Amino acid sequence: MILESDLLVIGGGLAGLVAGTIATESGASTILLRKGQSATAFSSGAIDIIGYLPDAAESISDPLEGLTAIAGLYPLHPYGVVGYGDDVAPEEVVDAIIGRVRDTVVWLKNHLQGTIASVMGDFNTNIYPITILGTTKPTCLVQETMNPGDVNKHEESVLLFAGITGYPDFNPSAAAKTYLEDRMALGQPPHKIGHCMTQLMPFRKCFNISSIEIARHLDHAGSIETLAKQLEPHVKQIGATHVAIPPVLGFRHALKNKRELEKSIGAEVFELLGFPPSIPGLRLQRALEEVYTKAGGKMLVGHEATSYTKTGQKIKTVVARSPRREISIDTKAVVLATGKYIGGGIAGDEKGLRETVFDIMTVTADYHSAKDILPSKATNRLEISPMGQQLQWCGLSIDPQFRPIREDGLEWADNVFAAGAVLAGYNYSVEKSGLGVALTSGYSAAKSAIKCIKGGGEN
Ligand SMILES: Cc1cc2nc3c(=O)[nH]c(=O)nc-3n(C[C@H](O)[C@H](O)[C@H](O)COP(=O)(O)OP(=O)(O)OC[C@H]3O[C@@H](n4cnc5c(N)ncnc54)[C@H](O)[C@@H]3O)c2cc1C
């Protein structure tokens with residue numbers, strides 16, 4: 001089978017879906033390939049822009065401050081690259097970066113509005129949602145179901161951590177203790193924190209219950225009333241104004257469930273940030289796919305880009321395989337958004353680190369070739385520094401249009417643009433910048449690809 005599109009996006013995580021939506025909305029016909037699950041679906045579902053500078057222990061209170069520091073200290077960081085577009089004067093670099101990231105945050109908030117992953121938060125300030133461990137982390141946007149409201153603002157706030165019997169991933173007593181110690185150290189409310197257990201027995205299971213089973217159960221009519229009945233006496237007993245529950249409030253009806261629960265028990269309810277499998281991460285993935293397909297984009301799930309034809313400096317055709325068929329896609333431009341080790345865009349073995357679709361050169365944190373980096377040696381525990389695991393820094397090096405570059409410093413192709421975790425030059429786990437980089441680079445790569453398509457391939 002042969003298909004044609006103006007733009008081919010390879011990768012269906014946040015970077016690829018944002019790039020695909022931008023291109024489709026600009027009038028370009030777009031096909032997106034997603035071979036499997038993405039890191040986006042494994043994420044906590046909170047959108048980090050920048051929470052820390054690499055090597056720094058203090059968190060950043062607002063993305064503006066963080067981006068300004070990145071522009072000065074890490075000009076080759078994917079955020080930094082945004083400042084080197086053709087029409088940006090040197091004195092405008094910081095403003096260009098801040099302007100682009102702000103635009104993308106507003107774009108994402110608007111597009112997720114009314115979906116199962118609608119978000120709240122503001123580009124001008126980081127927020128500190130609570131995790132299932134009782135710790136906090138700086139992030140920019142959280143899903144509305146995770147909004148802790150004013151729990152930290154009022155002296156009289158009382159917070160109740162509620163667990164679910166048989167769900168092993170959340171220990172409300174340990175989380176309450178950690179969070180209380182943290183608040184006491186800061187001398188800030190809430191000063192009274194309690195914990196309790198509820199019994200849900202989704203699908204009659206009473207032990208080893210997964211977050212997916214609970215979320216599915218809570219989407220069924222009647223189950224929120226059962227949860228409310230169980231919570232009510234605990235809320236009354238300690239006079240809780242807020243109830244923190246693990247991130248399992250439902251797939252399709254999480255926000256409705258939150259509101260129903262709040263009405264029944266008379267306290268604000270919010271989801272904590274959790275680990276994979278993450279229901280909010282899955283909600284974000286589904287919501288982004290819905291936004292992309294509603295805009296008119298075509299998506300081929302379970303299709304892996306496996307080979308290509310290149311004429312001169314241009315990719316002409318990419319071949320995608322699924323277990324049942326092989327498709328050739330003729331395209332004018334490609335956005336490569338295949339992620340890193342989880343998505344599968346970068347892989348490593350005894351021959352070194354390689355980009356998996358086009359075999360483009362990968363680089364290290366110092367922008368040296370990463371082809372000789374052996375994961376078996378680089379995962380030595382002793383090598384972990386405040387800069388984080390070195391493998392997380394590796395990926396593709398790009399030009400200001402987000403085109404990957406090769407060993408001689410020239411673009412690998414004129415019509416291939418890269419975005420998201422496949423890029424080098426940042427470490428999301430130390431910076432808390434994962435979905436933010438995917439968002440800004442997906443948006444930027446798509447803008448460059450559209451220019452390339454409209455210019456007949458010239459960029
Ligand atoms: C456990 C965990 C928790 C995290 N929590 C957060 C968080 O709370 N906040 C935050 O901001 N960030 C978080 N991150 C980081 C964030 O999830 C990633 O940085 C981000 O999702 C990367 O998005 P991406 O689109 O670049 O890649 P991915 O989301 O990994 O998507 C890559 C896509 O490419 C597809 N693909 C790969 N190769 C091919 C091929 N050959 N053909 C077709 N398709 C292909 C994959 O199937 C996948 O769909 C977390 C990451 C992890 C692992």
Side-chain angles (χ1 to χ4, degrees), residues 8-20 31-52 63 78 105 108 119 121 126-127 129 131-132 136-143 146 247 272-278 280-282 284-285 288-289 292 299-308 318-322 327 329 334-347 354-359 389 392 395-396 402 418-424 426-443 445-446:
L8 174 68
V9 178
I10 309 177
L14 187 135
L17 288 162
V18 167
I31 295 176
L32 182 145
L33 304 174
R34 165 155 90 73
K35 75 166 177 178
Q37 201 48 287
S38 60
T40 302
F42 287 126
S43 75
S44 75
I47 291 132
D48 305 342
I49 297 298
I50 182 88
Y52 294 87
V105 167
L108 187 70
V119 288
N126 271 334
I127 43 181
T131 73
I132 53 173
T136 57
K137 80 155 195 171
T139 192
C140 184
L141 303 176
V142 288
Q143 293 179 23
M146 299 165 142
L272 298 161
L273 268 60
F275 304 126
S278 157
L282 288 165
L284 178 64
Q285 176 74 36
L288 290 165
E289 288 180 1
Y292 168 69
M299 186 160 66
L300 300 174
V301 176
H303 287 71
E304 176 174 4
T306 50
S307 59
Y308 61 94
V318 172
V319 175
R321 285 206 175 91
S322 73
I327 303 172
I329 302 156
V334 174
V335 169
L336 184 70
T338 44
K340 207 167 267 171
Y341 310 108
I342 293 176
I346 307 284
R354 60 193 170 78
E355 185 281 307
T356 54
V357 178
F358 299 123
D359 202 15
Q389 169 51 251
Q392 290 290 359
L396 304 181
F402 283 77
V422 74
L423 301 179
Y426 77 109
N427 183 338
Y428 78 82
S429 50
V430 292
E431 295 171 13
K432 306 293 171 225
S433 63
L435 291 166
V437 166
L439 170 63
T440 303
S441 58
Y443 185 101

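In listed order, ligands and their atoms are each counted from 1. In this text the structure is predicted, and so the values were computed from the model without any measurement. The figures here come from the full heavy-atom set of this structure, side chains too, leaving out hydrogens, waters and symmetry mates.
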Could you tell me the residue and atom name of the protein heavy atom closest to [atom], and the distance to it rounded to 0.1 Å?
atom	result
atom 4 (C) of ligand 1	Ser43 CA, 3.5 Å
atom 30 (O) of ligand 1	Ala39 N, 3.0 Å
atom 46 (C) of ligand 1	Gly343 O, 3.4 Å
atom 45 (C) of ligand 1	Lys35 CG, 3.5 Å
atom 9 (N) of ligand 1	Ala46 O, 2.8 Å
atom 38 (N) of ligand 1	Thr338 CG2, 3.4 Å
atom 53 (C) of ligand 1	Ile342 CD1, 3.2 Å
atom 35 (C) of ligand 1	Gly11 CA, 3.7 Å

Using modelled atom types and a 3.5 Å cut-off, is there a donor and acceptor pairing between side-chain atoms of [X] and backbone atoms of [Y]?
X	Y	answer
Ser441	Gly420	yes
Thr356	Gly345	yes
Ser307	Val319	no
Gln389	Gln392	no
Asp359	Arg354	no

Could a heavy atom of [X] be found less than 4.0 Å from some atom of ligand 1?
X	value
Lys137	yes
Leu33	yes
Lys340	no

Would one find an N or O of [X], backbone or side chain, under 3.5 Å from an N or O of ligand 1?
X	answer
Gly12	yes
Gly436	no
Gly36	yes
Gly45	no
Ser433	no
Leu435	yes

Give the atoms of ligand 1, by number and element, whose distance to some non-hydrogen atom of [X] is under 4.0 Å.
X	value
Glu304	40 (C), 41 (N), 42 (N), 43 (C)
Gln37	46 (C), 47 (O), 48 (C)
Ala15	25 (O), 26 (O)
Arg34	44 (N), 49 (O)
Ala421	22 (C), 26 (O)
Gly339	27 (O), 30 (O), 32 (C)
His303	42 (N), 43 (C)
Gly13	25 (O), 29 (O), 31 (O), 33 (C), 49 (O)

Any [X] side-chain heavy atom under 4.5 Å of [Y] side chain:
X	Y	answer
Thr440	Pro78	no
Leu396	Leu336	yes
Leu17	Met299	yes
Leu108	Leu435	no
Ile47	Leu284	yes
Phe402	Val335	no

Out of Gly442, Gly16, Ala305, Ala41, who gets a non-hydrogen atom closest to atom 40 (C) of ligand 1?
->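 Closest candidate by heavy-atom distance is Ala305.
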Out of Phe358, Tyr426, Tyr428, Tyr341, who gets a non-hydrogen atom closest to atom 51 (C) of ligand 1?
->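 Minimum heavy-atom distance to atom 51 (C) of ligand 1 goes to Tyr428.
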May I ask you to check if Lys340 and Tyr426 form a cation-pi contact, with NZ or CZ under 6.0 angstrom from the six-membered ring centre and within 45° of the axis?
->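 The answer is yes; both the distance and angle limits are met.
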Distance in Å, [X] [atom1] paired with [Y] [atom2], rounded so as to fall on 0.5 Å steps:
X	Y	atom1	atom2	result
Leu273	Ser43	CG	OG	9.0 Å
Ile49	Glu431	CD1	CD	12.0 Å
Tyr52	Asn427	OH	CG	13.5 Å
Leu14	Leu288	CG	CG	5.0 Å

Between [X] and ligand 1, which residue portion shows a heavy-atom distance shorter than 4.0 Å: side chain, backbone, both, or neither?
X	value
Ser44	both
Thr306	neither
Ile10	side chain
Pro276	side chain
Ser429	neither
Val357	side chain

Between Gln285 and Ser38: side-chain donor-acceptor atoms closer than 3.5 Å |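 Note: Gln285 and Ser38 side chains meet the donor-acceptor criterion.
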Intermediate values then yes/no, side chain to side chain contact (heavy atoms under 4.5 Å, CB included), Cys140 and Asn126 = CA-CA 5 Å; Cys140 184; Asn126 271 334; 4.1 Å; yes
